[in-house]
Asks: 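First the structure, which I've put down as structure tokens, then a few questions once you've had a look.
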Amino acid sequence: MKRRALLGAGAAAVAATGLGWSLLTPKRPGKLLRSRAPLPKPFEARLAVPPVLNGDEIVQREADLRILPGLTTRAWTYNGSFPGPTVVTRSGRAATVTHRNQLPEPVVVHLHGGHTPPGSDGYPIDEILPEHGPGGAHPHHDMAAMSGDTSMGSRVYRYPMTQRAATLWYHDHRMGFTGPAVYRGLAGFHLVRDDEEDALPLPRGERELPLMLTDRAFEADGSFRYPVGDAAYMNGVLGDVVLVNGRPWPVHDVDPARYRLRFLNASNARRYRLELDPQPPGGDAFVQIGSDGGLLRRPIGHDALVIAPAERFDVVVDFSRWRPGTEVRLVDRDGGDVMRFDVKGSRRDDDSTVPAQLSRTAEPLPPPVRTRTFRFNQGSDGTWRINDLEYRPGRALARPRLGDVEHWRFVTDFHHPIHLHLNHFQVVSRNAQAIGAYDHGWKDTVDLRASEAVEVAVRFTDYPGTFMLHCHNLEHEDMAMMADFVVEPP
Ligand SMILES: [Cu+2]
């Protein structure tokens with residue numbers, strides 16, 4: 001297959017321009033795209049919490065959202081909201097989610113962090129075609145229909161949920177179009193709960209907040225602005241508005257009490273260095289209790305959280321450490337404002353604590369049976385590659401055996417948040433030294449900066465078949481920085 005067919009309209013337009021892409025590579029991931037619409041001041045919108053999914057069906061459809069004052073934003077949504085409805089499932093209880101596609105283009109749903117059989121993992125050419133027939137011309141459409149496991153109009157995704165409590169999320173994963181599809185609104189939380197976590201005295205109810213961070217730019221009419229086909233943005237699209245749960249720089253009133261904040265960076269390319277300002281006396285504003293794959297063994301205090309695309313940080317913040325009346329800004333030290341917490345509630349009652357021992361199920365994995373190396377590099381033609389290969393469905397870069405523990409070593413030329421499907425992993429070294437402050441626990445995405453090498457340990461369990469390894473900078477992913485791996489039966 002030709003790259004033009006694989007990568008879709010954006011990449012095809014870029015290829016047609018014939019620009020020297022490597023000359024366009026900046027030092028940092030992504031390029032800022034400015035809004036043409038007037039933007040609100042920060043901290044005017046109220047934080048919203050996405051609704052919990054009622055039932056087991058999600059309709060993907062266009063909806064007009066109110067994000068900017070006085071304007072509407074035509075978005076692609078799950079059930080009409082952005083973020084989509086939060087799916088809540090229970091560890092050990094199988095769940096299904098039926099997705100119906102009423103959008104004008106094909107979609108693919110990936111449960112990010114899900115331990116999922118291959119047929120429900122959202123392989124990028126396993127498309128759900130539009131319910132009302134394909135609208136418009138899609139050059140790669142027929143080819144995908146021939147090669148992928150496509151469904152007409154709807155698809156039932158089966159999630160066994162044989163995995164521990166964790167903050168997962170679901171989002172579009174269609175080959176060559178993940179960046180624009182997620183940007184238009186196709187992302188939502190999926191929370192897994194279990195007995196181990198329920199037994200802990202962590203903040204809950206109104207004091208447990210999933211917080212999805214995305215950055216966006218807007219056209220003058222309020223629609224999302226995405227630079228389709230613009231080669232200048234091939235390192236990633238950065239918007240000039242930060243949305244938290246779909247609201248621009250929102251504000252939320254909190255009691256002087258502990259809150260559990262479940263951060264998800266669902267941005268296409270932006271990394272955040274999150275800090276609370278002012279810092280609380282004594283520092284360690286964020287007490288991390290979990291990462292991508294659920295609870296840590298023990299809490300870790302941080303003054304800042306560096307969160308790359310697709311990563312999750314589950315933290316407890318004790319707002320009784322600030323004087324009542326304090327406006328605590330959440331800022332991105334590499335960018336600007338994110339949101340604000342106003343410590344103004346009067347309810348001081350708080351029976352939550354953060355236990356010194358959180359989980360006993362995060363023991364180190366045994367030694368590996370083999371080690372593989374994956375180099376994440378840009379080709380001379382500008383495409384993003386793994387081991388010098390552009391993504392091609394059906395070409396596996398690794399064939400681990402079911403049950404085996406392997407070490408996978410990732411080496412980068414540039415910033416890449418690297419994501420593995422099927423199993424969570426443990427980071428075992430960073431640049432041949434100790435792991436970083438944000439590498440602890442079970443992870444499915446690990447943030448690599450330019451010229452780094454990270455080694456992770458993973459055990460392949462339960463489901464033979466084809467899965468994905470890829471960069472989660474969505475513009476890199478759409479520009480072919482993906483690979484298949486095939487888990488072989490024992
Ligand atoms: Cu990348």
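The structure presented is a predicted model; accordingly, all values stated were derived computationally and were not measured. Residues take their numbers from the sequence shown, with the count starting at 1. Both counts, for ligands and for their atoms, begin at 1 and track the order of listing.
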Asks: Any N/O/S atom from H476 (main chain or side chain) under 2.8 Å of the Cu ion (ligand 1)?
Replies: yes
Asks: Taking the six-membered ring for Trp and the single ring otherwise, decide whether the centroids of W169 and H112 are under 6.0 Å apart.
Replies: yes
Asks: Quick check: does H472 have an N/O/S atom under 2.8 Å of the Cu ion (ligand 1)?
Replies: no
Asks: What N/O/S atom of H416 is the closest to the Cu ion (ligand 1)?
Replies: ND1
Asks: Have E477 and H472 got a donor and an acceptor in their side chains that come within less than 3.5 Å?
Replies: no
Asks: Which word best sums up how the rings of H470 and H421 line up, parallel for under 30°, tilted for 30 to 60°, or perpendicular for over 60°?
Replies: perpendicular
Asks: Determine whether F189 and Y170 make a side-chain contact, defined as any pair of heavy atoms from C-beta on separated by less than 4.5 Å.
Replies: no
